[in-house]
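Have a look at the structure below, then the notes.
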Amino acid sequence: MILGIDLGGTKSAALVLHEDGTVVRRVVAPTPADAKAEELFAFLVGLAQQVRGAETVVGVGVSAGAPADAAHGLVFAAPNLPGWGSTGFPLAARLSEALALPVKIENDADATALAEWRFGAGQGTRNMAFLTVGTGIGSGLILDGRLHRGRRGAGGEIGHITVVPNGRACSCGLRGCLEAYASGPAVTKIAQEFGWCGELTGRAVVEGARAENAACLAALNQAAELLGQALATLAMLLDLERIVLGTLAVHAADLLLPKIRATLRAHAWPRLTEGLDIVPAALGDQAQDLAALCAWGTS
Ligand SMILES: [Zn+2]
């Protein structure tokens, strides 16, 4: 069995699970998001000790909602988890010492990409991209049958490639990033600017679009078009078999996917788009559990 830790910006979970993904036990608690590194560390140790039972656990997988250097077991500050600092906190080594178990860490987008690849919508492929389309847009790439990490494990920032030169300001400091148009909060804000007066949540905007509200439809349409453009770049670069899209693209697959597919095909060569599927993520509520499992299983 594996001990999994899902470290999130608002809540975190620790779980004991089998290697096939069956969860034996789980504890969830609000993350002390503004805490410093040592306090965050103590919180995670507490969660892990709470969930641990009499089972023999072989290792700990951490799916971290923060930039992570898997090779060195480090986590770095994220906008919603600033406490880890900019030089990298040695979370794997410290947890390993505290729990007397080997520990592996992955960034959550990479860990979820692995989970969708092994258990979900990416099964059977050797070249796939996974994109979260939630609060932010992150990605994980499986290339030639393995997770692509890059020089420092920092790649895959497709949410911050420019899709509109000198466009909307992005939280990262750049302008015109995909995330500034197609993340859940961005779509909501743009719908409001287009005249949406309803509730300011991604779900409400999706419901608005289903009820044919023009502002919601326009905001989602723009997001789909820019996602399609960005994915065309990805397809041309990487010659993928499948692109798996999470969160917003799951809740609003009917509204987004036709436009995303059409835009992709308009901006990339047929040779690279024929047989390339764009599909919604399949793991739903299980994604985080399986991401923690895959953080252990494949480093
Ligand atoms: Zn950005």
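Note that ligands are numbered from 1 as they come in the structure, with each ligand's atoms numbered from 1 the same way.
Using modelled atom types, one side-chain atom of Glu241 and one backbone atom of Arg126 make a donor-acceptor pair closer than 3.5 Å. With Thr162 contributing its side chain and Pro165 its backbone, the two residues share no donor-acceptor pair below 3.5 Å. For Asn107 (side chain) and Ala66 (main-chain N/O), a donor-acceptor pair under 3.5 Å exists by modelled atom type.
Residues Pro280 and Leu245 form no side-chain contact, since every pair of their non-hydrogen atoms from C-beta on lies 4.5 Å or further apart. Taking the side chain as every heavy atom from C-beta outward, Gln123 and Met128 never approach each other to under 4.5 Å.
Counting only distances under 2.8 Å, and ignoring water, the protein N, O or S atoms around the Zn ion (ligand 1) are His160 ND1, Cys170 SG, Cys172 SG, Cys177 SG.
Taking the charged nitrogens against the carboxylate oxygens, Glu193 and Arg168 do have a contact shorter than 4.0 Å, which makes a salt bridge.
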